[in-house]
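Working notes, structure below.
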Number of protein chains: 2
Amino acid sequence: MNIGKAAKLSNLTIKTVRYYANIGLVKPEQNTSSGYREYNDEEVAKLKFIGKARKFDFSIDECKELLSLYEDKNRTSKEVKKITLEKISQIDSKLNDLKDLRNELSFLASNCHGDDKPNCPILDELSKN
Amino acid sequence: MNIGKAAKLSNLTIKTVRYYANIGLVKPEQNTSSGYREYNDEEVAKLKFIGKARKFDFSIDECKELLSLYEDKNRTSKEVKKITLEKISQIDSKLNDLKDLRNELSFLASNCHGDDKPNCPILDELSKN
DNA sequence: TATATACTTTCCCCTTAGGGTAGAGTAAAG
DNA sequence: CTTTACTCTACCCTAAGGGGAAAGTATATA
């Protein structure tokens with residue numbers, strides 16, 4: 001099938017599918033006469049796999065790693081779990097940062113009257129030495 | 001003072017300070033004979049202000065807005081509070097997304113034995129139709 | 001004064017993960 | 001045979017700078 005159908009089946013944009021071909025993530029055969037990429041079901045399955053992994057916040061490099069584990073019949077579940085736990089830990093760290101940030105901003109906002117007067121604790125804090 | 005000192009005083013890198021000059025965020029005088037940028041205390045104060053706002057996750061465009069409010073003696077605290085509350089709401093939305101993601105990944109990981117066998121619910125989920 | 005060292009300048013490429021568009025070629029339908 | 005739909009490559013764009021080259025400027029030392 002052509003790229004349009006592969007994109008539709010995998011719920012990705014054509015641009016994305018072409019990008020994955022260019023970086024060697026999912027490389028289909030290329031019709032020699034037309035130059036069109038030709039996808040088969042297996043490649044569509046990989047595209048779907050990557051699409052899901054991307055939604056789980058895995059980077060392209062991590063997707064590459066997961067995909068190679070996915071294709072390796074001898075891989076252990078230990079290897080996959082390790083990557084997943086690392087991702088969870090990254091997410092936890094991001095969560096903590098965002099929570100701290102939210103607390104500080106929320107504190108500033110609650111101290112700001114938000115009226116028509118110029119006095120503003122938010123700007124005061126930002127301009128503090 | 002030259003850019004190196006301004007960077008040191010504002011706890012930013014020279015690259016960053018130069019970038020802010022290029023995009024017109026903090027534009028110092030430029031010595032006509034040497035071509036060196038010349039910062040004064042007020043500009044350093046703005047750099048510090050921006051540095052803090054960036055730490056609070058405000059984008060460059062938002063910093064530009066906050067900076068103009070900061071410089072406007074007639075601005076109301078309402079205007080500043082509005083931007084801050086929007087930022088908080090953006091952060092909340094990011095927090096929710098990350099929490100959902102964490103839950104799903106954590107569920108997958110907890111169902112994965114993580115041993116030397118190939119069976120892996122994580123990959124199963126990623127390759128599900 | 002000459003030189004060594006430190007500082008600064010502009011310029012260009014690089015990062016993530018594609019998006020947008022142009023111009024040209026190919027395939028399928030009427 | 002023409003129109004329409006599809007695909008190709010190639011180029012520039014994103015946010016917020018980082019890295020480094022080549023060249024000019026300023027300052028400290030011999």
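Each chain gets a letter, A, B and so on, in the order its sequence line appears, and its residues count up from 1. This structure is a prediction, so every number in the text was calculated from the model and none was measured.
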Determine whether Glu71(B) and Lys46(B) satisfy the following criterion, side-chain contact (heavy atoms from CB on, under 4.5 Å), listing intermediate values before the conclusion.
CA-CA 9 Å; Glu71(B) 294 182 89; Lys46(B) 287 187 197 174; 3.0 Å; yes

Which is it for Leu12(A) and Tyr19(A) under the side-chain contact (heavy atoms from CB on, under 4.5 Å) test, yes or no, and what are the steps along the way?
CA-CA 11 Å; Leu12(A) 299 174; Tyr19(A) 174 67; over 6 Å; no

Run the side-chain contact (heavy atoms from CB on, under 4.5 Å) test on Ile122(B) and Ser77(A) for me, step by step, so that the C-alpha distance in whole Å, both residues' side-chain angles and the decisive distance to 0.1 Å come before the verdict.
CA-CA 8 Å; Ile122(B) 298 174; Ser77(A) 71; over 6 Å; no

Test side-chain contact (heavy atoms from CB on, under 4.5 Å) applied to Ile3(A) and Arg18(A), step by step:
CA-CA 8 Å; Ile3(A) 197 170; Arg18(A) 203 175 275 138; 4.0 Å; yes

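For DNA chain C, the outermost nucleotides in 5' to 3' order that have an atom under 4.0 Å from a heavy atom of chain B are dC7(C) to dC11(C).
Remark: Phe49(B) engages Tyr70(B) in a ring pair (Phe, Tyr, Trp, His ring centres under 6.0 Å) (not counting sequence neighbours). In this structure Arg102(A) satisfies the side chain to side chain donor-acceptor pair (under 3.5 Å) test together with Asp92(B), sequence neighbours excluded. For the ring pair (Phe, Tyr, Trp, His ring centres under 6.0 Å) test, no residue two or more places apart in sequence or in another chain qualifies with Phe56(B).
Contact check for Met1(B) versus Asp41(B): side-chain heavy atoms found under the 4.5 Å cut-off.
In terms of heavy atoms, Glu38(A) sits closest to Asn31(A) at OE2-ND2, 3.0 Å.
Non-hydrogen atoms lying under 4.0 Å from DNA chain D are contributed by nothing in residues 42-65 of chain A.
Ionic pairing of Glu62(A) and Lys87(A) is present here: one or more N-O contacts between side-chain nitrogen and carboxylate oxygen are shorter than 4.0 angstrom.
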Contact state string [nucleotides 6-13 of chain D, B base, S sugar-phosphate only, - no protein heavy atom under 4.0 Å]:
BSBBB---

